[in-house]
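Scope of the values below: all heavy atoms of this structure, side chains included, with no hydrogens, waters or symmetry mates. Every chain is numbered from 1 and lettered A, B, ... according to where its sequence line falls, protein lines coming before strand lines.
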Amino acid sequence: MTDRFFISTAISYPNGKPHLGHAYELMAADAIARFMRLDGHDVFFLTGTDEHGLKMIQTAEREGVAVQALADRNSEAFRAMGRALGATNDDFIRTTEPRHYAASQAIWRRMAANGDIYLSTYKGWYSVRDEAFFDEEELTQGEGGKRLAPTGAPVEWVEEESYFFRLSAYQQKLLDLYAAHPDFIGPETRRNEVISFVSRGLHDLSISRNTFTWGVPVPDDPRHVMYVWVDALTNYITACGFPDEAAARWPYWPAGLHLVGKDIVRFHAVIWPAILMSAGLPVPRRVFAHGFLFNRGEKMSKSLGNVLDPLAMAEHYGQDAFRYFFLREIPFGQDGSYSHEAIVARLNADLANDLGNLAQRSLSMVAKNCAGRVPAKGPFSAEDEALLAAAYALPGEARAAMGDFALHAILAATWKLVADTNRYFAAQAPWALRKTDPARMETVLWVTAEVLRVIGLLTQPFMPLAAGKLLDLLAVPAGARLFAHAAAVFAIAPGTVLPEPSALFPRYVEDREGEGA
RNA sequence: GGCAGUGUAGCUCAGCUGGUUAGAGCGUGGCACUCAUAAUGCCAAGGUCGGCGGUUCGAGCCCGCCCACUGCUACCA
């Protein structure tokens, strides 16, 4: 049975360089993608850039470059970030690609054929300065009865021809969808918000613009380009080969998960499924929203000067530590806070001291006392059995946590096992057994190595480099690194020659005052 | 304003359908050990579970009121 799993990040708007928020979403998605692959699923992992729209035009003008050149340059910066983070996306979609034009126009035609698209006028109070429309109630009265935006900017009444999507017709169908699939939107709090939003009623959606041309032309009406909704969201099926339903990747649709920021859940949980229903296509299985990151509890902003470059951070702390920190520290789905001190604390305590040192202390004993081979195992004590049972239970716990995308919980459970193993090692004191009962010492070392093997397997999605190195140190063959191998039948074989042990994670030592990110 | 949610040790958070002395990690204090990356282990201190009232044999978990905080209340990706 083929068990396909398509996971996507939102596509990023490349009118600037990638920031930590982009990195966080990509790291999380990558961890999920790797997890699912290791758990035996056929995964298609997509990320990319959303390159159309007015902001791109304006940024390009400001910088004095062609829009396409700006898109090319910044899109490449997002790809570079992916490489720096170890992202294993199978494709990188750009909305300026021909395949995306084809898909967007095809889905538009299907929506139109279904009677859900009509031409009308988009009207409202527009503030040129804010580049935004405002509701009547939001406006305030200025001098001489002039209407002002909440920002104090003057507004003018604008009417503009636009195509509309009959979103209002999908209210009940969406509510039915949410009711039939309680985990369609996660976490719970987002689901409540979306349901409450949709319950209040839906307006039709303006889905084209005729004031600029940087976009996908509307079929049969080249005066219009598609506005963000249809254009951006369609990327997910573009990458699956739409409209060619015989394409190699089409079987990956519908997506198993759209991972998005909490600010754009609605687009993915309301507009997107409505568009798909209109086009007669299956809707994604799940949409999950992650939270925002705060620097020492403060929002990142250019004016505060606390915007950090994710590439520099990954370089500074190391790719694994960088990934580990954000996925372990923040309950996935909630907002989180980070600081240099917090990252260093996690890096040293969890990675260097707990896991790194556990591997070092046990494997160096194996190297010195077992001729560098996996030790022999004798009869198991109750302690041995208990620890091994805890290890072999880990994949199941991890899988259960992944059901809610509780990445932090998977890592917490894994580090609980690391701590148990350190306790076990200290209690068994193999260094003392060396003189009194060498056979028992070997058994203790074998059990420790076997648990490390399981830990190595389960940490691969989160810190691929270090986990790979740990498995190398245990001489685990490349073909035996799936979660399915985290079981007794695949236990590490006594006598196997092991490489010379070496440190997994260096301790982070402050270079000087004020150093760090 | 309306709707939803949160408030548990210094910090970040667990606490299942209400049931013996409320937990974890980090941080703090002390001890032990020496295999190990000055790593690890053990012990301890520390909480009126936001406040008040109620239901109950019994409430952090249920109900009411109050206080504080957060999110949503559509065309910005």
Problem set entry | Aromatic contact, A:H268 with A:F184 (centres under 6.0 Å) | no
Exercise. Rounded to the nearest Å, what distance is computed from the CZ atom of residue A:F332 to the P atom of nucleotide B:U12?
Worked result: 21 Å
Could you list the donor-acceptor pairs under 3.5 angstrom formed by side chains in residues 356-363 of chain A, with sequence neighbours left out?
{"from": "A:R361", "atom 1": "NH1", "to": "A:N422", "atom 2": "OD1", "distance (Å)": "2.8"}
{"from": "A:S362", "atom 1": "OG", "to": "A:L358", "atom 2": "O", "distance (Å)": "2.7"}
{"from": "A:S362", "atom 1": "OG", "to": "A:A359", "atom 2": "O", "distance (Å)": "3.2"}

For this session: Tell me what A:W415 touches on the nucleic acid: a base, only sugar-phosphate, or nothing, going by heavy atoms under 4.0 Å.
Result: nothing
Exercise. Excluding sequence neighbours, so at least two apart, what forms side chain to side chain donor-acceptor pair (under 3.5 Å) with A:E160?
Worked result: none
Exercise. Starting at the 5' end of RNA chain B, which residue's closest nucleotide do you reach first, A:P430 or A:I207?
Worked result: A:P430
For this session: Return the value, rounded to whole Å, for the distance between atom CZ of A:F425 and atom C1' of B:U34.
Result: 12 Å
For this session: Measure from NZ or CZ of A:R209 to the centre of the six-membered ring of A:Y122 and say whether it is under 6.0 Å with the direction within 45° of the ring axis.
Result: yes
For this session: Nearest whole angstrom, please: distance from the P of B:G23 to the NZ of A:K416.
Result: 15 Å
Exercise. Taking both distances under 3.5 Å as the test for a Watson-Crick or G-U pair, what stems of at least three pairs does RNA chain B have?
Worked result: B:1-7 with B:67-73, B:10-13 with B:23-26, B:28-32 with B:40-44, B:50-54 with B:62-66
Problem set entry | P atoms of B:G19 and B:C62, separation to the nearest Å | 11 Å
For this session: Please work out if A:S206 contacts a base, only the sugar-phosphate, or nothing of the nucleic acid, heavy-atom cut-off 4.0 Å.
Result: base
Problem set entry | Same-atom distance (P) from B:C72 to B:G53, integer angstrom | 36 Å
Exercise. With distance as the sole test, does A:Y324 use its side chain to make a donor-acceptor pair with the main-chain N or O of A:L411 at under 3.5 Å?
Worked result: no
Problem set entry | Nearest-angstrom distance from the residue atom CD of A:E500 to P of B:A36 | 13 Å
For this session: Measure the shortest side-chain to side-chain distance between A:Y170 and A:F165 over non-hydrogen atoms and say whether it is less than 4.5 angstrom.
Result: yes
For this session: Would you mind listing every salt bridge (charged side-chain N to carboxylate O under 4.0 Å, His left out) that reaches into residues 400-415 of chain A, with sequence neighbours excluded?
Result: none
For this session: Please measure how far the C1' atom in B:G7 lies from the corresponding atom in B:G50, and state the result in whole Å.
Result: 6 Å
Exercise. A:D420 CG to B:G25 P: how many Å, rounded?
Worked result: 10 Å
Exercise. Looking only at atom C1', what distance separates B:U12 and B:G47, rounded to whole Å?
Worked result: 15 Å
Exercise. Any side-chain donor paired with an acceptor under 3.5 Å for A:T96 and A:E51?
Worked result: yes
Exercise. Choosing from B:C35, B:C76, B:C3, which nucleotide comes nearest the side chain of A:M365?
Worked result: B:C35
Problem set entry | Sugar-phosphate only, base, or nothing, as touched by A:Q334 at under 4.0 Å among non-hydrogen atoms | sugar-phosphate
Seminar exercise, completed: The residue, A:R346 or A:A503, whose nearest nucleotide of RNA chain B is more 5′ is A:R346
Problem set entry | Side chain to side chain, A:F92 and A:T49, heavy atoms closer than 4.5 Å | yes
Problem set entry | Side-chain N or O of A:K368 closer than 4.0 Å to phosphate OP1/OP2 of B:A36 | yes
Exercise. Base, sugar-phosphate, or nothing: which does A:G291 touch, judged by heavy atoms less than 4.0 Å apart?
Worked result: nothing
Please list, for nucleotides 39-44 of chain B, all pairs of protein and nucleotide N/O atoms separated by less than 3.5 Å.
{"from": "B:A39", "atom 1": "OP1", "to": "A:R507", "atom 2": "NE", "distance (Å)": "3.3"}
{"from": "B:A39", "atom 1": "OP1", "to": "A:R507", "atom 2": "NH1", "distance (Å)": "3.3"}
{"from": "B:A39", "atom 1": "OP1", "to": "A:R507", "atom 2": "NH2", "distance (Å)": "3.0"}
{"from": "B:A39", "atom 1": "O2'", "to": "A:N353", "atom 2": "O", "distance (Å)": "3.4"}
{"from": "B:A39", "atom 1": "O2'", "to": "A:N357", "atom 2": "OD1", "distance (Å)": "3.3"}
{"from": "B:A39", "atom 1": "O2'", "to": "A:N357", "atom 2": "ND2", "distance (Å)": "2.5"}
{"from": "B:U40", "atom 1": "OP1", "to": "A:D354", "atom 2": "OD1", "distance (Å)": "3.2"}
{"from": "B:U40", "atom 1": "O2'", "to": "A:R361", "atom 2": "NH1", "distance (Å)": "3.1"}

For this session: Looking at every strand, decide which applies to A:L167 at a 4.0 Å heavy-atom threshold: base, sugar-phosphate, or nothing.
Result: base
Problem set entry | Whole-Å gap separating P (B:C11) and CZ (A:R328) | 18 Å
Problem set entry | Options B:C75, B:C3, B:C76, nucleotide nearest the side-chain atoms of A:R209 | B:C75
For this session: Between B:G1 and B:C65, how far apart are the P atoms? Round to whole Å, please.
Result: 15 Å
For this session: Can you tell me, in whole Å, how much space there is between the P of B:A45 and that of B:G25?
Result: 15 Å
For this session: Tell me, please, which residues at least two apart from A:K262 pass salt bridge (charged side-chain N to carboxylate O under 4.0 Å, His left out).
Result: A:D335
Exercise. Between B:G18 and B:G58, how far is it from one P atom to the other, in whole Å?
Worked result: 16 Å
Exercise. Rounding to the closest angstrom, what is the interatomic distance between B:C49 and B:A59 at atom C1'?
Worked result: 11 Å
Exercise. Atom CZ of A:R200 to atom C1' of B:C75: distance rounded to whole Å?
Worked result: 16 Å
Problem set entry | Main-chain N/O of A:P310 paired with A:H19 side-chain donor or acceptor, under 3.5 Å | no
Problem set entry | Sugar-phosphate, base or nothing in reach of A:L363, heavy atoms under 4.0 Å | nothing
Problem set entry | Rounded distance (Å) that lies between atom P of B:A38 and atom CD of A:Q360 | 10 Å
